[in-house]
*Asks:* 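Below are the structure tokens for one structure; questions will follow.
Below, chain A is the first sequence line, B the second, and so on; all start at residue 1. All values derive from a computational prediction rather than experimental measurement.
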Number of protein chains: 2
Amino acid sequence: MAGALKKDRATGAANAVTADLVAVLVAVTEGEPKIMTIANDGALPSGPFEFAHRSLQSGLRAWVEAQTGHPLGYVEQLYTFADRGRTGDAKSPHSISISYLGLTREDKVGQGFEAHWSGWYEYFPWEDRRAGLPASLAKTLASRLRAWAKSAETTGLQRQRWQRAAITFGLDDREWNEELVLQRYELLYEAGLIPEAVRDGAAATTVIPGKPMTGDHRRILATGIARLRAKIKYRPVVFELMPAEFTLLQLQRSVEALAGRLVHKQNFRRLIEQQQLVEETGAIATEAVGRPAKLFRFRHGVLAERAIAGTKLPLSRT
Amino acid sequence: MAGALKKDRATGAANAVTADLVAVLVAVTEGEPKIMTIANDGALPSGPFEFAHRSLQSGLRAWVEAQTGHPLGYVEQLYTFADRGRTGDAKSPHSISISYLGLTREDKVGQGFEAHWSGWYEYFPWEDRRAGLPASLAKTLASRLRAWAKSAETTGLQRQRWQRAAITFGLDDREWNEELVLQRYELLYEAGLIPEAVRDGAAATTVIPGKPMTGDHRRILATGIARLRAKIKYRPVVFELMPAEFTLLQLQRSVEALAGRLVHKQNFRRLIEQQQLVEETGAIATEAVGRPAKLFRFRHGVLAERAIAGTKLPLSRT
DNA sequence: TGGCTTATACTTATCCTGAGCATAATCGGA
DNA sequence: TCCGATTATGCTCAGGATAAGTATAAGCCA
């Protein structure tokens with residue numbers, strides 16, 4: 001077995017792979033979450049990890065700036081994929097995709113860049129539950145899922161499929177869980193209800209609304225949305241997406257935009273204030289109907305003061 | 001700028017990289033967390049991602065089984081690293097490490113495998129706070145950290161360093177946060193207090209207790225411990241580490257072993273029971289001092305029934 | 001039997017959360 | 001000027017979750 005320990009560290013042609021860096025770059029503008037896209041809105045900014053890059057992150061920064069002209073601020077790694085099956089082609093060498101989530105503010109895309117800010121719900125219409133289930137899906141979604149479940153061979157499998165659909169999509173009086181973005185996408189893919197599945201060989205049927213993307217990009221986007229929806233609950237990352245000064249309602253609208261659902265206004269404010277995440281600037285928001293709101297800014301100090309925990313264990317003091 | 005969109009997809013030698021798969025394989029035996037190691041306890045199971053591997057996970061499974069004889073059960077991806085700086089050598093092509101966390105139960109390592117189960121606190125003595133700070137560290141740790149902070153050039157930097165140390169290590173009456181495993185390791189590395197830092201070029205000093213590992217492996221292990229400590233709080237993953245039947249105290253001891261701190265017995269039981277994670281087997285534990293305890297088993301049903309949410313947003317019903 | 005050990009049931013005070021009511025401040029017409 | 005629409009902001013209240021501790025049960029062993 002000692003032989004197994006020896007590893008072929010040389011870049012032998014046999015085990016060489018290419019690594020792609022992919023960015024899910026998010027902004028929120030006027031209550032709508034946006035993502036940076038290239039190639040006619042059908043792809044995320046991305047490019048190969050090259051010898052010249054000092055690190056994965058610096059490689060990603062280089063590609064995003066080259067393709068979009070947008071500098072990268074807050075960044076975190078999402079996931080690393082390498083499924084040859086998904087992209088077809090069983091002959092070519094392995095290609096790995098290392099994906100990242102970036103948070104910024106929308107600004108004008110510079111001259112000469114073929115990049116755009118696109119609303120992320122164009123790609124995932126079923127994820128926006130702020131006004132209930134969108135009309136374009138209300139009729140079809142559940143019935144298509146039921147049809148998929150029914151098409152299984154045994155009744156056991158049928159029940160299993162339906163249970164999975166019901167849990168992920170909040171059917172049969174179950175709670176909607178906004179974090180299951182990836183699970184819902186994977187299910188729709190397996191059910192052959194989205195263009196990517198048909199492209200990859202599923203039986204051609206009428207698909208569910210929602211713009212497709214090249215390769216795995218919509219799956220990567222789903223991963224990014226899921227991560228962000230989970231993270232805003234226990235880390236103050238929303239502020240990366242806000243302007244320097246904002247009203248509490250603007251903050252709330254941003255959170256709602258990301259989560260795809262509405263929050264209770266008064267309780268939201270209590271939460272924000274008790275955590276001391278913001279402080280008043282002293283200024284008052286103009287240009288709005290209704291009573292003018294105070295402007296707040298993020299207290300950057302909290303990041304240094306607290307290492308926010310999030311315990312769920314009944315710890316003992318002794 | 002259109003040129004920037006074109007990507008060199010061919011496996012040109014220039015952008016070829018090698019990808020290593022690394023496994024943090026965890027078990028808990030009699031209240032001690034263990035990890036699978038090879039190479040005289042100085043390395044994690046790992047090997048290159050090869051052309052023959054169908055996917056990243058299957059490649060990992062192949063390597064772990066070849067090196068340890070142990071089958072891989074529950075697996076999740078941890079992180080992907082590619083810092084050329086860390087491993088020295090600015091000339092060689094990029095090498096990427098894709099790391100995974102695996103959960104199993106300890107069993108005998110088969111004949112002919114140079115693999116061992118090692119206690120994970122041998123690598124991170126400062127992470128075990130079940131009996132307070134270990135005696136081997138009580139005197140040194142805080143003073144070494146203070147010395148490091150003092151050695152900064154400006155008083156501003158000194159304060160910054162000490163604040164960072166105090167937050168991550170729970171000094172100055174701050175709370176100990178067991179999830180900051182990676183941050184603590186990174187800080188010790190930067191402070192030159194562990195062998196890996198000296199190996200990589202830091203000034204040679206007396207280091208803090210704790211076994212080093214090759215390359216980035218102890219950093220990867222820190223990442224795995226941190227992930228697991230966070231995850232046991234909101235997903236029922238502990239059960240992957242438990243035998244089929246167990247007493248509530250054994251379960252508690254396992255959680256404590258992973259978290260590195262003690263929990264309140266009665267409240268722990270209430271938490272487990274109210275979440276309906278377990279059910280009685282009807283049997284009673286023998287071979288123990290004191291009143292015999294009921295045996296429980298994990299209710300696998302919960303995984304299907306619930307998509308455990310973990311909301312921290314004040315959602316609105318309307 | 002009494003003492004040691006662990007299991008398990010119950011109590012208490014406090015805090016957090018969801019939900020809703022009430023009032024304040026501004027604007028645009030009637 | 002007053003009313004209605006709209007948003008901001010303060011406050012209450014009930015129910016549930018949590019931290020901590022008390023009390024009792026059930027084994028073993030000397």
*Asks:* Could you check how far CG of B:L249 sits from P of C:dT5, rounded to whole Å?
*Replies:* 14 Å
*Asks:* Take B:E30 and B:R253 through the test salt bridge (charged side-chain N to carboxylate O under 4.0 Å, His left out) and record every step on the way to the result.
*Replies:* CA-CA 8 Å; B:E30 289 170 27; B:R253 292 287 178 244; over 6 Å; no
*Asks:* Could you verify whether a donor N or O on one side chain and an acceptor N or O on the other, from B:W162 and B:D172, lie under 3.5 Å apart?
*Replies:* yes
*Asks:* Provide, to the nearest angstrom, the distance between the CD atom belonging to A:Q274 and the P atom belonging to C:dC15.
*Replies:*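 Those two atoms, CD and P, are 12 Å apart.
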*Asks:* Can you tell me how far P of C:dT6 sits from CD of B:Q252, to the nearest Å?
*Replies:*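 Going from B:Q252 (CD) to C:dT6 (P), I get 12 Å.
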*Asks:* Between A:H264 (NE2) and D:dA8 (P), how many Å, whole number?
*Replies:*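 My rounded result for the distance is 14 Å.
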*Asks:* Write down the distance between CZ (B:R270) and P (D:dG21), rounded to a whole number of angstrom.
*Replies:*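 Taking CZ of B:R270 and P of D:dG21, I get 14 Å after rounding.
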*Asks:* Would you say A:R269 places a side-chain N or O within less than 4.0 Å of OP1 or OP2 belonging to D:dT9?
*Replies:* yes
*Asks:* If I take atom CD in residue A:E273 and atom P in nucleotide D:dC11, what distance separates them, rounded to the nearest angstrom?
*Replies:*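 Atom CD in A:E273 sits about 11 Å away from atom P in D:dC11.
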*Asks:* So, B:Y185 and B:Q183: side-chain donor and acceptor under 3.5 Å apart, yes or no?
*Replies:* no
*Asks:* Knowing that exactly one of A:E178, A:E179, A:E127 qualifies, which makes a salt bridge (charged side-chain N to carboxylate O under 4.0 Å, His left out) with A:R229?
*Replies:* A:E127
*Asks:* Does any donor atom in the side chain of A:T29 or A:E106 lie under 3.5 Å from an acceptor atom in the other side chain?
*Replies:*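 Yes, A:E106 and A:T29 have a side-chain donor paired with an acceptor closer than 3.5 Å.
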*Asks:* When all nucleic acid strands are considered with a 4.0 Å heavy-atom cut-off, which category describes A:K265: base, sugar-phosphate, or nothing?
*Replies:*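 Base contact - A:K265 has a heavy atom under 4.0 Å of at least one base atom.
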*Asks:* For each nucleotide in nucleotides 22-30 of chain D, reading 5' to 3', give B when a protein heavy atom comes within less than 4.0 Å of its base, S when such contact involves only the sugar-phosphate, and - otherwise.
*Replies:* B--BBB---
*Asks:* From NZ of B:K233 over to P of D:dT18, roughly how many Å is that when rounded to an integer?
*Replies:* 13 Å
*Asks:* Reading DNA chain D from 5' onward, which residue's closest nucleotide shows up sooner: A:L248 or B:L271?
*Replies:* A:L248
*Asks:* Rounding to a whole Å, what distance do you find between A:F268:CZ and C:dA19:P?
*Replies:*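 Rounding to the nearest Å, CZ of A:F268 and P of C:dA19 are 16 Å apart.
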*Asks:* Who passes salt bridge (charged side-chain N to carboxylate O under 4.0 Å, His left out) against B:K265, sequence neighbours left out?
*Replies:* none
*Asks:* Just to verify, which of B:Y121, B:W120, B:W126 counts as forming a ring-ring contact (aromatic ring centres under 6.0 Å, His included) with B:F124?
*Replies:*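 The single option meeting the ring-ring contact (aromatic ring centres under 6.0 Å, His included) with B:F124 is B:W126.
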*Asks:* D:dT9, D:dT18, D:dA20: which one has an atom nearest the side-chain heavy atoms of B:N267?
*Replies:*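 Nearest nucleotide to the side chain: D:dA20.
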